[in-house]
Amino acid sequence: MIRNIMLLAALLAINVSAQNVGSFYEKNATLNFNDGRNVAGEIAQQPSKFNPNFHIYLCFGQSNMEGNAKVEEQDFMGLSPRFLMMAGVDMPNSGRKMGNWYVAVPPLCRAWTGLTPADYFGRTMVECLPDSITVGVINVAVGGASIDLYDEDKTDSVIAASADWFKGFCRDYNNEPFRRLMELAKKAQQVGVIKGILLHQGCTDNGQKTWPSRVNLIYTRMLNELGLKAEDVPLLVGELLTKIDGGCCYLHNSIIDNIHDNIPTAYPISSLGCPGKPDKLHFTAEGYRIIGRRYAERMLQLLKY
């Protein structure tokens with residue numbers, strides 16, 4: 001009950017700040033925050049030193065993590081300067097440079113991607129965590145990707161066998177999305193602490209029983225390369241669009257739901273009730289908001305907040 005009251009208060013606070021975007025921008029001009037009608041988020045926010053209260057989350061997967069719904073005006077409202085993103089690529093349309101931190105004005109993945117679960121994951125985290133904590137996300141995701149794209153032993157063959165549009169996405173990451181994520185994560189560790197990893201992938205690998213072991217290989221490599229322990233850095237894995245909500249790859253949810261049996265520090269995130277688009281693969285903007293909050297709710301439980 002107390003937690004619900006706190007969450008309601010936080011949501012009300014967002015509505016208030018949304019009504020006062022102009023004054024927020026005046027007071028925080030260096031953040032280049034705005035109301036969504038102009039380019040936003042191009043002024044870098046570089047932390048000057050290591051801060052143990054800067055909590056960083058790595059996000060990867062395919063198109064639903066990349067963000068497939070149009071960013072709506074409400075998604076530019078009420079942003080906190082405590083929620084940052086590190087650009088995974090250069091974004092010429094907004095002036096963002098790869099490897100720099102910015103206020104987390106969407107889009108968070110690449111210049112022309114949309115709303116992603118990471119948006120409302122981060123917003124919910126800063127709403128519920130103490131004011132002393134800043135949250136940062138690094139989103140490296142490729143629409144249409146098999147989980148094998150992130151296995152460096154298979155990356156080249158996956159790209160070689162793919163369509164031109166897919167190869168174009170991969171070129172943004174120098175054809176090495178896993179390596180890009182690791183390079184950025186190491187840079188992020190100089191100023192903060194990696195607290196978790198968010199995955200949304202599975203449509204391309206729908207129903208494949210070997211998927212959990214392939215995910216575990218990549219997760220383990222991430223932990224080892226970054227010097228992290230699984231018990232300190234959980235893996236949160238989002239369900240695909242459900243059958244009830246019109247999804248066509250819902251079979252994979254039965255595999256995701258049992259991920260904890262294969263990876264003890266992995267946790268499924270329910271997508272039940274998250275609205276989907278007519279393509280039966282992707283969430284609507286509201287669907288991304290809902291599942292993003294659910295990622296955060298689970299992480300907050302694991303952090304014991």
Side-chain angles (χ1 to χ4, degrees), residues 1-19 21 24 31 33 36 41 45 53-61 64-67 69 71-86 101-109 114-139 141 192-200 233-239 267-275 283-305:
M1 177 66 73
I2 294 175
R3 185 176 184 80
N4 290 337
I5 293 173
M6 291 175 63
L7 184 56
L8 177 59
L11 293 173
L12 290 173
I14 291 176
N15 290 333
V16 170
S17 61
Q19 296 167 10
V21 171
F24 182 97
L31 302 178
F33 179 92
Q45 306 297 307
N53 285 332
F54 185 16
H55 293 183
I56 297 161
Y57 295 88
L58 309 182
C59 308
F60 76 111
N64 273 314
M65 183 57 79
E66 182 182 71
V71 179
E72 298 175 356
E73 185 157 350
Q74 66 174 291
D75 303 312
F76 294 102
M77 304 295 189
L79 279 161
S80 169
R82 291 169 47 225
F83 178 30
L84 304 178
M85 61 84 73
M86 178 187 277
W101 289 103
Y102 302 87
V103 174
V105 179
L108 303 185
C109 188
L115 206 65
T116 157
D119 283 283
Y120 282 81
F121 166 79
R123 293 174 191 229
T124 305
M125 293 295 287
V126 297
E127 288 163 15
C128 298
L129 289 170
D131 291 345
S132 59
I133 296 177
T134 298
V135 172
V137 295
I138 306 173
N139 189 326
V193 180
I194 295 173
K195 288 287 190 175
I197 301 172
L198 280 59
L199 170 64
H200 202 287
V233 184
L235 176 68
L236 308 186
V237 185
E239 287 185 342
Y267 303 88
I269 308 300
S270 173
S271 68
L272 184 63
C274 296
F283 301 104
T284 65
E286 182 59 19
Y288 286 116
R289 295 180 194 114
I290 295 171
I291 197 168
R293 293 185 187 107
R294 289 177 181 171
Y295 273 97
E297 288 166 1
R298 179 45 124 170
M299 192 66 218
L300 289 164
Q301 290 174 354
L302 294 171
L303 292 172
K304 295 182 169 52
Y305 279 98

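Excluded from the calculations below are hydrogen atoms, water molecules and symmetry mates; all remaining heavy atoms, backbone and side chain alike, are included. Note that the coordinates shown come from a computational prediction; the quantities given were computed from them, not determined experimentally.
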- State, with a plain yes or no, whether a side-chain heavy atom of P117 is found less than 4.5 Å away from one of R294. no
- Rounded distance [0.5 Å steps], CZ in R293 versus SG in C128: 10.5 Å
- Query: Hey, are the side chains of I269 and I291 touching, using non-hydrogen atoms and a 4.5 Å cut-off?
  - Reply: yes
- Note on the structure: For P106 and D119, the nearest pair of non-hydrogen atoms, with its separation, is CB-OD1, 3.5 Å
- Query: If you round to the nearest 0.5 Å, how far is CG of L129 from CG of N53?
  - Reply: 9.5 Å
- Note on the structure: Taken in chain and number order and not counting sequence neighbours, the residues that satisfy salt bridge (charged side-chain N to carboxylate O under 4.0 Å, His left out) with R82 are D131
- Of all the heavy-atom pairs spanning L108 and V105, show the shortest one and how long it is. CD2-O, 3.7 Å
- Query: Got a second to check how far R298's CZ is from L198's CG, nearest 0.5 Å?
  - Reply: 12.5 Å
- Query: Heavy-atom distance under 4.5 Å between the side chains of I138 and I56, does that happen here?
  - Reply: yes
- Begin with the C-alpha distance, continue with both residues' side-chain angles, and end with the deciding distance and a verdict on side chain to side chain contact (heavy atoms under 4.5 Å, CB included) for K195 and V233. CA-CA 5 Å; K195 288 287 190 175; V233 184; over 6 Å; no
- Quick one: does V103's side chain get under 4.5 Å of M85's, heavy atoms only? no
- Query: Looking at F283 versus H200, is the centre-to-centre ring distance below 6.0 Å?
  - Reply: yes
- Message: Within this structure, what is the CD-OH distance for the pair E127 and Y120, rounded to the nearest 0.5 Å?
- Response: 9.0 Å
- Spatial distance of atom CE (M86) from atom CG (L58) [nearest 0.5 Å]: 10.0 Å
- Residues A69 and A285: closest non-hydrogen pair is CB-N, 3.4 Å
- Query: Which heavy-atom pair separates C109 from N139 by the least distance, and what is that distance?
  - Reply: SG-OD1, 3.6 Å
- Item | Closest heavy-atom pair and its distance - A296, T124 | CB-CB, 3.6 Å
- Message: Counting C-beta onward and ignoring hydrogens, is there a side-chain heavy-atom pair between L84 and Y102 closer than 4.5 Å?
- Response: no
- Exercise: identify the closest heavy-atom pair between M77 and E73: CG-O, 3.5 Å
- Query: Under a 4.5 Å cut-off applied to non-hydrogen side-chain atoms, are M125 and Y57 in contact?
  - Reply: yes
- Within-4.5 Å side-chain heavy-atom neighbours: L199 and L236: no
- Is any side-chain heavy atom of F121 closer than 4.5 Å to a side-chain heavy atom of C59? no
- Set of ring-ring contact (aromatic ring centres under 6.0 Å, His included) partners for Y295, sequence neighbours left out: none
